[in-house]
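As the structure is a computational prediction, the values presented were derived from the model and not from experiment. All chains are named by letter (A, B, ...) in the order of the sequence lines, taking the proteins before the strands, and each is independently numbered beginning at 1.
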Amino acid sequence: MPLITEITIFVLAAFVGFEVISKVPTTLHTPLMSQTNAIHGIVLLGGLIVVGLSNFWLDNLIGTIAIFFGTINIVGGFLVTDRMLGMFVRKPKKEEPAEKKTGDGEKE
Amino acid sequence: MPLITEITIFVLAAFVGFEVISKVPTTLHTPLMSQTNAIHGIVLLGGLIVVGLSNFWLDNLIGTIAIFFGTINIVGGFLVTDRMLGMFVRKPKKEEPAEKKTGDGEKE
Amino acid sequence: MPLVAALDPQSAFVQACYIVSFSLFIIGIRRGTHPTTARQGNMIAAAGMLIAVATTLALKGIGNWGLIAIGLVAGTIVGVVASRRVQMTAMPQMVALYNGLGGGAVALIAWAEFRHDLALGEAIPLDAFIPTLFSMVVGSISFWGSNIAFGKLQGLISGQPMKIPGQQVLNALLLAGIVAACIVLGLDHNSGPSQGLFIAVLIAAAILGNLFVLPIGGADMPVVISLLNAFTGLSAAAAGIALDNTVLIVAGTLVGSSGTILTTAMATAMNRSIGNILFAGFGATPTGGAATEERPVTSIGAQDAAIKLAYADSVVIVPGYGMAVAQAQHAVKEMADELGKKGVNVNYAIHPVAGRMPGHMNVLLAEADVPYEKLKEMDEVNPEMPHTDVAVVIGANDVTNPAAKDDPDSPIAGMPIIEVDEAQQVIVIKRSLSPGFAGIDNDLFYHEKTSMLFSDAKQAAADIAAEIENL
Amino acid sequence: MPLVAALDPQSAFVQACYIVSFSLFIIGIRRGTHPTTARQGNMIAAAGMLIAVATTLALKGIGNWGLIAIGLVAGTIVGVVASRRVQMTAMPQMVALYNGLGGGAVALIAWAEFRHDLALGEAIPLDAFIPTLFSMVVGSISFWGSNIAFGKLQGLISGQPMKIPGQQVLNALLLAGIVAACIVLGLDHNSGPSQGLFIAVLIAAAILGNLFVLPIGGADMPVVISLLNAFTGLSAAAAGIALDNTVLIVAGTLVGSSGTILTTAMATAMNRSIGNILFAGFGATPTGGAATEERPVTSIGAQDAAIKLAYADSVVIVPGYGMAVAQAQHAVKEMADELGKKGVNVNYAIHPVAGRMPGHMNVLLAEADVPYEKLKEMDEVNPEMPHTDVAVVIGANDVTNPAAKDDPDSPIAGMPIIEVDEAQQVIVIKRSLSPGFAGIDNDLFYHEKTSMLFSDAKQAAADIAAEIENL
Ligand SMILES: NC(=O)c1ccc[n+]([C@@H]2O[C@H](COP(=O)([O-])OP(=O)(O)OC[C@H]3O[C@@H](n4cnc5c(N)ncnc54)[C@H](OP(=O)(O)O)[C@@H]3O)[C@@H](O)[C@H]2O)c1
Ligand SMILES: NC(=O)c1ccc[n+]([C@@H]2O[C@H](COP(=O)([O-])OP(=O)(O)OC[C@H]3O[C@@H](n4cnc5c(N)ncnc54)[C@H](OP(=O)(O)O)[C@@H]3O)[C@@H](O)[C@H]2O)c1
């Protein structure tokens with residue numbers, strides 16, 4: 001793909017990024033940071049290509065470490081974001097917190 | 001350029017479009033419509049290429065009409081949008097309207 | 001021509017110019033989100049256009065300067081004159097006309113592109129041919145549909161929905177025929193597809209464009225135009241794909257998104273589905289024939305209205321389509337000014353679909369120099385209604401109809417309204433008791449706190465202003 | 001391996017999968033704009049990732065399955081365990097560490113890519129080589145910088161700014177050296193650039209990453225991490241350009257925009273410039289040494305505090321970094337519950353930079369099951385302050401400091417604050433009179449309507465809750 005086409009894609013993606021992310025409220029900035037961490041784990045693809053196509057030990061080593069790092073990013077990032085965001089959602093199944101909520105929430 | 005690359009650009013542009021335009025308030029929807037009218041005058045480029053590169057009378061005719069249409073779109077569209085938007089901005093230079101405004105605006 | 005640079009269309013420099021150009025479009029629209037920056041945004045977008053055109057003119061092999069100059073100069077003259085002359089009240093027509101021109105240009109370019117590919121005598125690659133066919137069909141529908149819409153709005157064609165029996169079936173058959181012909185053309189792509197068939201498709205699309213819009217009522221035209229605007233945008237994007245031109249793709253897509261969003265927004269604000277608007281033949285422009293006029297109404301003159309208003313503390317003006325028809329915005333502003341001089345607090349309540357275009361009232365009142373902060377949105381003004389002494393409804397009807405809240409069977413049931421019936425007193429200025437766009441009676445007129453001032457809106461506003469001055 | 005599809009990387013199918021993948025990322029982030037849809041959004045983004053990875057694994061020629069499996073399995077195990085074990089209070093460290101891993105992976109891939117190009121023995125095209133160099137340098141800076149930030153936050157390295165004389169000059173020289181070496185490498189691009197020089201640049205970038213972050217105070221780490229997050233994103237995008245991989249370009253750019261926006265948002269909320277944060281060595285973590293302790297303060301015990309709170313009508317809780325340190329969120333929630341049982345209306349006022357990360361307090365309080373609607377933003381809560389009976393400041397300091405409004409010479413002058421000094425009464429819970437992150441004294445503590453409760457936040461909240469229950 002010619003460089004200029006890739007720059008076209010980059011510019012459009014930057015516009016999308018700025019528009020979308022400026023809509024995320026401060027409340028959700030911490031989960032956003034960990035979600036974007038997970039998303040840049042996409043460099044894993046680079047690692048897969050390096051290891052997948054090479055036969056020399058050094059490249060294999062470099063690539064495998066990259067795969068390892070990228071996978072931690074992706075798996076850890078999405079899971080931890082999910083854990084955080086799960087806290088923002090009411091949990092109607094658990095009895096105890098629902099009980100507690102009455103004290104704080106309903107007595108206004 | 002391969003079709004799939006053009007689709008990539010299309011998809012990204014659609015995301016940008018939806019994000020940006022959903023931020024425009026109803027108040028400004030009429031100017032927005034006429035501004036987008038001006039922007040799709042961009043098809044003028046197609047007309048320029050047709051006429052610029054052809055030598056057959058029918059193509060020239062078709063192309064020139066397209067250029068004519070596209071130019072009306074662009075020139076008329078941007079100018080009329082400007083006229084409309086100019087009305088939304090306070091005009092401090094004109095004496096008379098500034099006078100009038102006192103009656104309506106300042107007496108609260 | 002002195003300045004012929006001869007750039008290669010796929011060169012990085014040309015592509016970079018196109019990137020700058022579409023970025024300016026995006027930034028321009030982005031700045032359109034606020035009235036204070038919108039004008040600058042419009043200029044930024046225009047600068048983007050200038051760059052795109054200049055770049056294209058400098059491409060290698062571009063010649064035929066005479067014809068290009070004729071097209072550009074003639075177009076500029078028409079554009080400048082039209083934009084100076086057009087009345088603010090005629091904006092809906094203007095938008096329709098321009099949209100049609102865009103669609104027409106796309107269809108013509110697609111045709112020329114097809115002829116060019118044919119002339120090469122080689123197989124036409126499908127990834128250029130399909131977008132060409134798409135832009136030709138959609139551009140042609142958009143051209144004819146927009147022109148009909150223009151005709152209806154301008155009063156050149158009756159605003160009544162024109163129904164032919166079996167209309168929908170006919171349209172469906174026509175569309176199926178177009179698609180089938182396109183498939184045949186596509187299958188022939190490497191053995192010289194027939195130009196005759198191509199032109200037949202162009203004509204069929206033109207007929208479809210006409211048939212599609214004719215049965216829709218004049219009052220629904222803004223929704224139709226906005227939809228056709230999306231069509232034009234998409235057809236331009238398809239032309240961009242056929243021509244390998246990024247700025248065309250991006251700009252067309254932006255316009256496509258805009259049209260889609262506005263169409264949806266209007267439909268939502270009217271609480272109707274897009275399908276209902278397009279296929280139900282609902283939006284008949286009122287025939288003026290009055291509904292059940294047996295119930296008693298309180299009628300009032302300009303002088304009494306002036307007294308009511310001048311002794312109020314707070315007044316809310318609710319403008320509607322009638323104000324646009326009567327071109328009453330300046331008179332209304334003057335009336336408000338007179339009230340201001342008497343110490344009355346005057347605001348305007350703008351319903352999202354008051355008038356016939358989104359933001360219609362805002363443009364008109366801005367033209368009359370009403371300060372932006374005085375224009376209140378529905379959600380902002382409704383809670384204040386009970387504390388409002390007088391609500392003055394000027395040429396509005398449906399957007400104040402309490403049936404939307406109270407009567408679940410009403411055609412406008414569920415549409416949010418400006419709740420003037422909550423105000424202390426209501427003055428309604430219109431020429432008769434005839435219904436508005438939705439064609440239904442309005443209980444507001446018969447309400448005990450409502451006084452009707454039967455008159456043309458401009459006349460009435462001027463009369464009231466004069467009376468207030470004389471108080 | 002059973003399922004090897006062998007797709008051509010530039011085939012339309014692979015590209016289409018990548019388009020789906022990045023669209024899911026965008027939609028996923030888009031849904032992250034509201035707490036109720038954010039979790040679903042996260043899953044959508046994860047689905048996008050799955051598609052991208054699966055597509056890549058099916059590419060033609062991919063082999064070495066053993067090593068790939070090792071990397072994937074080991075990474076997954078570490079990722080799952082880490083994400084289960086990590087405390088919510090340790091989020092800033094976690095984000096730093098992950099960011100470093102991403103940067104490191106990018107740098108390694110750039111190195112491998114370079115080796116691959118070298119091995120081909122041909123001229124390396126500049127439009128792949130320049131992005132490779134960029135991603136190597138920036139990825140390496142991001143890796144080392146993030147690790148230092150992690151160390152500082154985790155307490156492995158002192159949070160104090162470590163300054164070497166001539167620091168800035170050294171950094172500038174290092175950067176200039178890196179750029180120069182990259183230019184040399186680039187000029188050699190068709191005669192086999194030296195791998196030695198490449199590795200030297202990798203090392204120099206590593207040193208620069210260390211030197212860049214070491215002199216910044218521990219408390220400024222969140223801003224640094226966010227900036228490095230933008231770096232990692234951009235380096236990933238550059239790697240995508242080098243590898244001709246659209247999903248990498250788009251995903252990297254999204255992360256780059258996110259990092260940029262968050263960095264700017266934090267700097268704005270602290271009313272400091274990014275340059276000041278990075279180069280002024282300002283954010284020293286407080287040493288605990290108290291400021292001018294001569295002025296009298298009103299001290300109070302848990303029992304008195306409980307009485308004040310229980311007999312109030314409305315209470316606003318203002319949490320800060322101290323609540324995070326003490327892990328007091330559950331105790332605070334319990335205290336609020338007890339107050340709720342007494343009929344007190346309790347809300348939380350969240351300052352945008354309370355704590356050490358944007359949204360830090362929100363995550364902690366959400367963990368403790370505080371309902372989302374109870375968390376009020378600064379702009380919403382400040383106008384209500386005069387009608388608030390008691391404001392309870394729990395481990396917050398700077399974000400309540402009236403000097404930001406009153407003293408134009410204060411380092412935090414102009415930073416918007418939660419105006420607890422407008423409330424009827426104030427209770428401040430912290431361990432001493434020592435300053436917070438900005439290292440400045442807080443007049444609030446000496447105000448006549450303020451009572452200080454000197455205690456650990458968790459302990460104090462638990463004590464108050466117990467006392468209220470006994471009332
Ligand atoms: N804004 C949009 O985007 C849009 C788009 C499509 C459809 N619509 C629809 O349009 C309607 C807009 O509601 P609306 O309340 O603004 O208008 P309306 O319901 O159409 O009513 C307009 C009223 O103005 C009166 N009028 C006409 N000419 C007048 C004149 N010269 N002087 C004084 N009064 C005059 C008419 O009554 P008389 O004949 O008795 O004078 C008529 O009842 C809604 O139903 C909406 O759904 C809006
Ligand atoms: N949120 C972000 O994104 C971000 C990023 C970078 C910088 N910052 C900066 O961080 C600051 C945040 O302000 P803030 O008011 O939340 O915090 P702060 O000003 O840093 O004050 C925290 C206070 O908590 C007290 N504390 C510490 N441990 C405690 C414990 N175990 N129990 C009770 N109290 C304890 C400390 O006083 P004692 O030692 O007396 O207990 C300290 O004064 C702002 O200056 C902001 O600019 C924020």
Report yes if the side chains of C:S226 and B:M33 come closer than 4.5 Å at any heavy-atom pair, otherwise no. yes

For a side chain to side chain contact (heavy atoms under 4.5 Å, CB included) with C:V255, tell me which candidate from B:N37, B:I39, B:I21 qualifies. B:I39

Is C:L254 close to chain B through its backbone or its side chain, or both, or neither, when contacts mean heavy atoms under 4.5 Å? both

Min side-chain heavy-atom separation C:T246-B:M1 under 4.5 Å: yes

In the structure I gave you, are the side-chain heavy atoms of C:N362 and B:T30 within less than 4.5 Å of one another anywhere? no

Check whether any side-chain heavy atom of C:S258 lies under 4.5 Å from a side-chain heavy atom of B:L32, and answer yes or no. yes

Identify which part of C:A239 has an atom lying under 4.5 Å from any heavy atom of chain B, answering side chain, backbone, both or neither. neither

Is the backbone of B:P2 close enough, under 3.5 Å, to the side chain of C:D127 for a donor and an acceptor to pair up by distance? no

Please examine the side chains of C:V78 and B:F69, heavy atoms only from C-beta on, and report whether any two atoms are closer than 4.5 Å. no

Using the side-chain contact (heavy atoms from CB on, under 4.5 Å) rule, take C:T232 and B:T36 through it: C-alpha gap first, then chi angles, then the decisive distance, then the call. CA-CA 10 Å; C:T232 310; B:T36 55; over 6 Å; no

Can you tell which of C:A236, C:S83, C:A52, C:A74 has the highest number of heavy-atom pairs within less than 4.5 Å of chain B? C:S83

Any donor and acceptor pair, going by atom type alone, linking the side chain of C:R115 with main-chain N or O of B:L58 inside 3.5 Å? no

Relative to chain B, which segment of C:A38 carries a heavy atom at a distance below 4.5 Å: side chain, backbone, both, or neither? both

If I measure from the heavy atoms of chain B, does C:F143 come under 4.5 Å with its side chain, its backbone, both, or neither? side chain

Checking side-chain contact (heavy atoms from CB on, under 4.5 Å) for the pair B:L28/C:T33: CA distance, chi angles, key distance, verdict? CA-CA 7 Å; B:L28 294 173; C:T33 51; over 6 Å; no

With a 4.5 Å cut-off on side-chain heavy atoms, are B:H40 and C:N99 touching? yes

So for C:L24, is it side chain, backbone, both, or neither that comes closer than 4.5 Å to the heavy atoms of chain B? neither

Taking side chain as C-beta onward, heavy atoms only, is C:H116 less than 4.5 Å from B:V50? no

Check: C:R30 side chain, B:V20 main-chain N or O, donor-acceptor pair, under 3.5 Å: no

Taking the side chain as everything from C-beta on, heavy atoms only, tell me whether C:F22 gets closer than 4.5 Å to B:I9. no

